[in-house]
Amino acid sequence: MEKFCKTYYADTKAFIDDAALIEKRLGEVDESRRERIARARFADTKADILAGGLIIKAALREACGITKFKTEKNEFGKLYLSSHPEVFFNISHSGTKIICTVSDVECGVDIEDVTAPHRIMDISSRFLSTLEADAVMMSEDPNRAFCRLWTLRESYVKMRGRGFDIGLSTLKCDFHRGKASIYEGGVLQKDAFFKETQGIIGYQASVCLKEERENSVKRVEI
């Protein structure tokens with residue numbers, strides 16, 4: 001199979017602003033998502049759930065021509081394609097953006113709105129190393145610096161697919177000539193490769209892959 005990694009992102013604002021649009025598009029997502037949307041109380045939550053289903057469909061179609069598929073969850077809740085075990089994907093959302101990475105290897109993706117307020121001091125003291133926390137606070141843009149470290153951690157955890165089995169406080173990021181690497185429990189993870197992007201205005205995103213791949217980033221309509 002061809003080696004590839006492709007990332008797609010979309011805007012969710014239209015769904016947040018228009019409840020009728022959500023109702024109109026419900027038939028395009030599976031029953032599980034429709035049930036979650038029905039239970040959700042807030043418009044942005046409903047929008048994120050719907051957009052998650054729509055971007056998975058768009059990304060799989062764009063990346064590898066898959067139009068029919070079945071998803072299931074592993075024991076830690078990570079979605080996978082039971083109908084196409086050779087293809088891997090992961091999604092994330094923040095603010096009014098949703099993102100999906102599709103690859104031929106295990107992957108994780110995380111996106112954060114750098115314009116939104118973050119509890120930098122509190123979270124840094126709990127989950128970042130002393131050196132990382134100091135670097136964040138001394139940065140010209142502490143919010144973006146924090147989001148960079150956070151998305152790297154989250155994308156790594158999601159790539160592993162073990163959920164909260166990995167403690168974020170056991171992780172430490174390092175950078176050599178600007179290229180990120182990660183340590184878990186003090187051990188360098190040699191099978192974790194990162195692709196970062198700041199090309200989505202107002203957002204920081206990171207993709208973590210089990211093997212080295214080139215990554216393309218493209219906006220799609222959902």
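- Side chain of K172 to backbone of Y183: no donor-acceptor contact under 3.5 angstrom is found.
- Judged by distance alone, the side chains of S32 and E35 never bring a donor and an acceptor atom under 3.5 Å apart.
- At a threshold of 4.0 Å, the pair D113-K97 does not count as salt-bridged, since none of the basic side-chain nitrogens sits closer than that to a carboxylate oxygen.
- When side chains are defined from C-beta on, D44 does not count as touching T12, because their heavy atoms never get closer than 4.5 Å.
- In this structure, T170 OG1 and L168 CG are separated by 7.5 Å, a value rounded to the nearest 0.5 Å.
- Between E62 and K218, at least one side-chain nitrogen of the basic residue sits less than 4.0 Å from a carboxylate oxygen of the acidic one, meeting the salt-bridge criterion.
- Checking side-chain atoms of E112 against main-chain N and O of D110 turns up no donor-acceptor pair under 3.5 Å.
- For the residue pair S124 and F146, the shortest heavy atom distance occurs at OG-CD1, 3.8 Å.
- Across all their heavy atoms, Q204 and T151 have their closest contact at O-CG2, 3.5 Å.
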* To do: For I16 and T96, run side chain to side chain contact (heavy atoms under 4.5 Å, CB included): C-alpha distance rounded to whole Å, both residues' side-chain angles, the deciding distance at 0.1 Å, then the answer.
  => CA-CA 8 Å; I16 297 172; T96 60; 4.2 Å; yes
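- Taking all atoms of both residues into account, the shortest heavy-atom contact from N143 to A116 is ND2-O, 2.9 Å.
- When hydrophobic clusters are built by joining Ile, Leu, Val, Met, Phe, Trp and Tyr residues whose side-chain heavy atoms come closer than 4.5 Å, directly or via intermediates, V220 is grouped together with F89.
- Within the 3.5 Å criterion, the main-chain N or O of C208 finds no donor-acceptor partner in the side chain of K158.
- Looking at N74, its side chain does come within 3.5 Å of a backbone N or O of G161 through a donor-acceptor pair.
- With salt bridges taken as basic N to acidic carboxylate O contacts below 4.0 Å, none links R34 and D30.
- Heavy atoms of other residues, nucleotides or ligands lying less than 6.0 angstrom from CD of E86 number more than 12.
- Counting heavy atoms from C-beta outward, Y9 and T7 have side chains that stay 4.5 Å or more apart.
- Each of K3, K190, K195 was scored for a salt bridge (charged side-chain N to carboxylate O under 4.0 Å, His left out) with E212, with one residue passing: K195.
- Distance CG/D174 to NE2/H176: 9.5 Å, rounded to 0.5 Å.
- Under the 4.0 Å criterion applied to side-chain N and carboxylate O atoms, K179 and E196 are not assigned as salt-bridge partners.
- A salt bridge does not link E75 with K73: none of the charged nitrogens is closer than 4.0 Å to a carboxylate oxygen.
- Taking each heavy atom of I37 and I22 in turn, the nearest pair found is CG2-CG2, 4.1 Å.
- Checking I56, I111, T101 one by one against I91, the side chain to side chain contact (heavy atoms under 4.5 Å, CB included) holds for a single residue, I56.
- Using a cutoff of 4.0 Å between basic side-chain nitrogens and carboxylate oxygens, K210 and D191 are scored as salt-bridged.
- Between W150 and F127, the angle of the ring planes goes over 60°, which puts this pair in the perpendicular group of the 30/60° scheme.
- Of the residues R160, R162, K78, the one that meets the salt bridge (charged side-chain N to carboxylate O under 4.0 Å, His left out) test with E106 is K78.
- The pair R148-E154 fails the salt-bridge criterion, with no side-chain N (NZ, NE, NH1 or NH2) lying under 4.0 Å from an Asp/Glu carboxylate O.
- From N90, atom CG reaches atom OG of S92 across 7.5 Å, with rounding to the nearest 0.5 Å.
- Residue I66 holds its CD1 atom at 6.0 Å from CG of L81, rounded to the nearest 0.5 Å.
- Salt bridge R153/E184: absent, no basic N to carboxylate O contact under 4.0 Å.
- Using a 4.5 Å cut-off between side-chain heavy atoms of Ile, Leu, Val, Met, Phe, Trp and Tyr, with links allowed through other members, V114 and V109 fall into different hydrophobic clusters.
- Looking at heavy atoms from C-beta onward, F193 lies out of side-chain contact with V105 at the 4.5 angstrom threshold.
- Salt bridge status for R213 with D104: present, with a side-chain N to carboxylate O gap under 4.0 Å.
- Contact detail for A63 and K6: the closest heavy-atom pair is O-NZ, 3.6 Å.
- Rounded to the nearest 0.5 Å, atoms CG (D48) and OG (S94) are 9.0 Å apart.
- Two residues are said to be in side-chain contact when any heavy atoms from C-beta on lie closer than 4.5 Å; Y203 and T115 fail this criterion.
- In terms of hydrophobic clustering, with Ile, Leu, Val, Met, Phe, Trp and Tyr side chains grouped at heavy-atom distances under 4.5 Å, L171 and L188 are assigned to different clusters.
- The two atoms that bring I99 and A205 nearest to each other are CD1-CB, 4.0 Å, heavy atoms only.
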